[in-house]
Number of protein chains: 2
Amino acid sequence: MAVTMNDVARAAGVSLKTVSNVINDYEFIRPATKQRVLDAIEELGYETNLTARSLRSGKTSMLGLVLADLSVPYYAELASDIMKAAWARGYRVLVEQSGNEADHEKSALQGQFRSLTDGLLFIPLSLDAGQIIQAAGKKPLVLLGEFVQDPRLDMVLIQNLEAAAAVTAHLLAGGRRRIAVLGARDGDTTGSNGLRLSGYKAALAAAAVEYDPTLVIDCEWRRDGGADAIARLLDSGVGFDAVFGLNDVVALGALHELLVRGKRVPDEIAVAGFDDIDEARFASPSLTTVEPGRAEIAERAVELLINRIEGKGSADKVEQPEAEFSLRVRQSAP
Amino acid sequence: MAVTMNDVARAAGVSLKTVSNVINDYEFIRPATKQRVLDAIEELGYETNLTARSLRSGKTSMLGLVLADLSVPYYAELASDIMKAAWARGYRVLVEQSGNEADHEKSALQGQFRSLTDGLLFIPLSLDAGQIIQAAGKKPLVLLGEFVQDPRLDMVLIQNLEAAAAVTAHLLAGGRRRIAVLGARDGDTTGSNGLRLSGYKAALAAAAVEYDPTLVIDCEWRRDGGADAIARLLDSGVGFDAVFGLNDVVALGALHELLVRGKRVPDEIAVAGFDDIDEARFASPSLTTVEPGRAEIAERAVELLINRIEGKGSADKVEQPEAEFSLRVRQSAP
DNA sequence: CTGAAAGCGCTTACAG
DNA sequence: CTGAAAGCGCTTACAG
């Protein structure tokens, strides 16, 4: 049906191997032969069957990317960057949405799906390190985000603690003393929530401001989570003069609710977030936040994974590069 | 290396074909035989090699999805819905970002990429119908969005004109008479921009309000496009009491700029958009917009494409189902 | 520099 | 209900 290498070989009057050599840029081919093959390819409209190539070579040139949901802006923007980085290196990306459910994460790690990819980029939310190590096969795996942190696994790190401390220090420098934190529980110490909360505490301590657990409100990392959390805080009567949403959508949800309730931002209450999604720049007021180094994260993760796949770099040393963050000061907390 | 069907067959003491039958749920297998095979699969940790299956069967069970950029919220949300719809039918989705460039769109249509998918969902932005028909191969293709409209191509339609008319009528019903339109040029009649502009004009005509081309401002469909456009309009001194951004991010960018300039929304100026992205609900003030039927679009497009792939439905009749829209009235234009 | 053969791991007719 | 054989379209040793 489709045009095959055999058809090309026949049309060009050469063997199959020669066609393969031309396609794979093998060096030592007589220019005239090469041209004849290229002409035949052009004329017949031949296209490599990637499935056949994969079966024979054992390489698919596809990377898997497992994340909760593409409709979350931070993941969508990260996925976009990852796809561009992979593309630039000749790889494609097959995205799998876990919906933040442990079952889906597990099946993404070990399901048939993996036979379609050479390696996996994984943003775990439900599984812990032990489960990941157990469920993962032999194919290369690089983690993103830091709900999981473990010396046995390759991963690209965000400077959660340092960046959260920088945001908090900025709010303190602006004269705020009662800074509410949305998206963590008082005792959290691990995961993005725990690390960011720890950064917040560290900045308070450095400024000799007392830590008040009643200002720490747990919520889902979604817009409505942030809106609900700030509503609860307002209703509780606890006083505060700033809000640190542990990610941007939480901060934006809170910002919305504050404005709905007639609070002036930043005059009465300053608001800051974490992620620097595109929307942060264009909120009203625009959102002060921290850019975690998204492009660098994408680049490093793809590079590391492909090095693993292609056997470059030191195979037995776990790699955990860290991306540089930067503070973005905008209207919501000048 | 990997466990193959042959290994399973040997372990279970049956032939290759029997293993294949079990895996593919062939009906007439003796329960005891089936159990032996299943046990062997379990014990050996066998997993189907999807690449081999694809090569032999000629089916990849993957759909291609070509869109401009996942970092655009509407596309990310649509992609998320499409992936869920495809998943529910046993298909995966391979996303390709065209960056809104004609070259990329073309190569997505005809490149090697297509050998990995059974069919393509395509949101064209640069290519026209003729180019698409020429570049597309024989594999099924379903278009989304309506920058292209053509009776020869399967596509899922948005009621652009009707929905835009509904938004405009709503603004008019609120007493607005000078409604600026952001994201189209005066003469546009085709594409999402042209169709939405036509809906706007139709609603004005129905209310006997004169159409003023100085209120129609062209811009990129991005946040900064909307912000720039409204800035130009304000600077021009042309009076207006409402803004209709032809998509939500344009409207949100404009909303931002209006608030920065000290305009009161909706008291002085009402704002409405188009798309109902998640963010619209949580903007401050929340954004009045139109929900184009995104979930239905995803569902219909996937269903139609898979029907084409599997040869269901009438093969020679072009299908162009239309999704239902609904107006979402919120604070920015009550 | 080029050719003929083997084989990646499945599914698909074809027999029985 | 099950088996033995062929073959999807490539790449990879192995010869020459």
Enquirer: Which pairs pass side-chain hydrogen bond (donor to acceptor under 3.5 Å, both in side chains) with one or both residues in residues 123-132 of chain A, sequence neighbours excluded?
Expert: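 Sorted result for residues 123-132 of chain A: Asn100(A)-Ser126(A).
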
Enquirer: Suppose you measure atom C1' in dT12(D) against the same atom in dT2(C); what distance do you get, rounded to whole Å?
Expert: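 Between the two C1' atoms, the distance is 15 Å.
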
Enquirer: Holding to side chain to side chain donor-acceptor pair (under 3.5 Å), I want the full list of residues that pass it with Asn49(A), two or more places apart in sequence or in another chain.
Expert: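 In terms of side chain to side chain donor-acceptor pair (under 3.5 Å), with neighbours along the sequence ignored, Asn49(A) is linked to no residue.
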
Enquirer: If the cut-off is 4.0 Å, is Thr4(B) near the phosphate of dG9(C), judged by side-chain N/O to OP1 or OP2?
Expert: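 Answer no for this pair, as no side-chain N or O of Thr4(B) is under 4.0 Å from OP1 or OP2.
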
Enquirer: Measure CG/Leu55(A) against P/dG7(C) and give the value in whole Å, please.
Expert: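 Going from Leu55(A) (CG) to dG7(C) (P), I get 14 Å.
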
Enquirer: Not counting sequence neighbours, which residues clear salt bridge (Lys or Arg N to Asp or Glu O under 4.0 Å) with Arg10(B)? List them please.
Expert: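 Asp7(B).
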
Enquirer: Can you check the Arg10(A) CZ to dT2(C) P distance for me, whole Å?
Expert: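 In whole Å, dT2(C) P lies 19 Å from Arg10(A) CZ.
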
Enquirer: Check for a donor-acceptor pair, side chain of Ser54(A) on one end and backbone N or O of Leu50(A) on the other, with a separation under 3.5 Å.
Expert: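 Between the backbone of Leu50(A) and the side chain of Ser54(A) there is a qualifying donor-acceptor contact (under 3.5 Å).
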
Enquirer: From C-beta outward on Val14(B), which listed nucleotide comes closest to its side chain: dT11(D), dG9(D), dG3(D)?
Expert: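 Shortest atom-to-atom distance from the side chain points to dG3(D).
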
Enquirer: Give a yes or no on whether the backbone of Leu67(B) and the side-chain of Gln97(B) come within a donor-acceptor separation of less than 3.5 Å.
Expert: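 Checked: no pair found.
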
Enquirer: Suppose we screen for salt bridge (Lys or Arg N to Asp or Glu O under 4.0 Å). Which residues come up paired with Asp150(B), at least two apart in sequence or across chains?
Expert: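 Applying salt bridge (Lys or Arg N to Asp or Glu O under 4.0 Å) to Asp150(B) gives Arg152(B).
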
Enquirer: With Watson-Crick and G-U wobble geometry limited to distances under 3.5 Å, how should the secondary structure of DNA chain C be encoded in dot-bracket form, using | for bases paired to another strand and [ ] for crossing pairs?
Expert: |||.||||||||.|||

Enquirer: Between dA5(D) atom P and Asn6(B) atom CG, what is the distance in whole Å?
Expert: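 Rounding to the nearest Å, CG of Asn6(B) and P of dA5(D) are 13 Å apart.
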
Enquirer: Considering residues at least two apart in sequence or located in another chain, which fulfil the side chain to side chain donor-acceptor pair (under 3.5 Å) criterion with Asp39(A)?
Expert: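 So Asp39(A) forms a side chain to side chain donor-acceptor pair (under 3.5 Å) with Gln35(A).
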
Enquirer: Partners of Lys106(A) by side chain to side chain donor-acceptor pair (under 3.5 Å), sequence neighbours excluded?
Expert: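 With neighbours one apart ignored, the set is empty.
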
Enquirer: Please name all residues satisfying salt bridge (Lys or Arg N to Asp or Glu O under 4.0 Å) with Glu303(A), sequence neighbours left out, ordered by chain then number.
Expert: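 In terms of salt bridge (Lys or Arg N to Asp or Glu O under 4.0 Å), with neighbours along the sequence ignored, Glu303(A) is linked to no residue.
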
Enquirer: Distance check: side-chain N/O of Thr18(B) vs OP1/OP2 of dG3(D), anything under 4.0 Å?
Expert: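 Checking Thr18(B) against dG3(D): at least one side-chain N or O falls below 4.0 Å of OP1 or OP2.
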
Enquirer: Residues in salt bridge (Lys or Arg N to Asp or Glu O under 4.0 Å) with Lys17(A), at least two apart?
Expert: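 Once residues adjacent in sequence are excluded, Lys17(A) has no partner under the salt bridge (Lys or Arg N to Asp or Glu O under 4.0 Å) criterion.
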
Enquirer: Roughly how many Å apart are dC10(D) and dA4(C), using the C1' atom of each and rounding to a whole number?
Expert: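 Rounded to whole Å, the distance is 15 Å.
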
Enquirer: Starting from P on dG9(C), measure out to CZ on Arg53(A) and report it in whole angstrom.
Expert: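 In whole Å, dG9(C) P lies 18 Å from Arg53(A) CZ.
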
Enquirer: State which of dT11(D), dG9(D), dG9(C) makes the closest approach to the side chain of Leu16(A).
Expert: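 That would be dT11(D).
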
Enquirer: Indicate whether the side chain of Asp69(A) and that of Ser71(A) have a donor and an acceptor atom separated by less than 3.5 Å.
Expert: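 The answer is yes; a qualifying pair exists.
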
Enquirer: Let me know the distance between CD of Gln35(A) and P of dT2(C), rounded to the nearest Å.
Expert: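 From Gln35(A) CD to dT2(C) P: 14 Å.
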
Enquirer: Quickly work out the Ile23(A) CD1 to dC10(D) C1' distance and round it to whole Å.
Expert: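 Distance check: Ile23(A) CD1 to dC10(D) C1' gives 9 Å.
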
Enquirer: Heavy atom of residues 40-50 of chain A under 4.0 Å from DNA chain C: which residues?
Expert: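 Nothing qualifies; none.
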
Enquirer: Measure from CE on Met5(B) to P on dC8(C) and round the result to the nearest Å.
Expert: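 In whole Å, dC8(C) P and Met5(B) CE are 14 Å from each other.
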
Enquirer: Extract from the structure each pairing of a protein N or O with an N or O of nucleotides 12-14 of chain D at less than 3.5 Å, listing the distance.
Expert:
unit_1	atom_1	unit_2	atom_2	d
dT12(D)	O4'	Arg56(A)	NH2	3.3

Enquirer: List for me each residue that meets side chain to side chain donor-acceptor pair (under 3.5 Å) alongside Arg294(A), sequence neighbours excluded, and say none if there are none.
Expert: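 Arg294(A) satisfies side chain to side chain donor-acceptor pair (under 3.5 Å) with Glu77(A), Asp81(A) only.
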
Enquirer: Looking only at side-chain N and O atoms, does Thr33(B) come under 4.0 Å of OP1 or OP2 in dC1(D)?
Expert: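 No.
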
Enquirer: Would you mind reading off the distance between Arg114(B) atom CZ and dG9(D) atom C1', rounded to a whole angstrom?
Expert: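 Whole-Å distance recorded here is 19 Å.
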
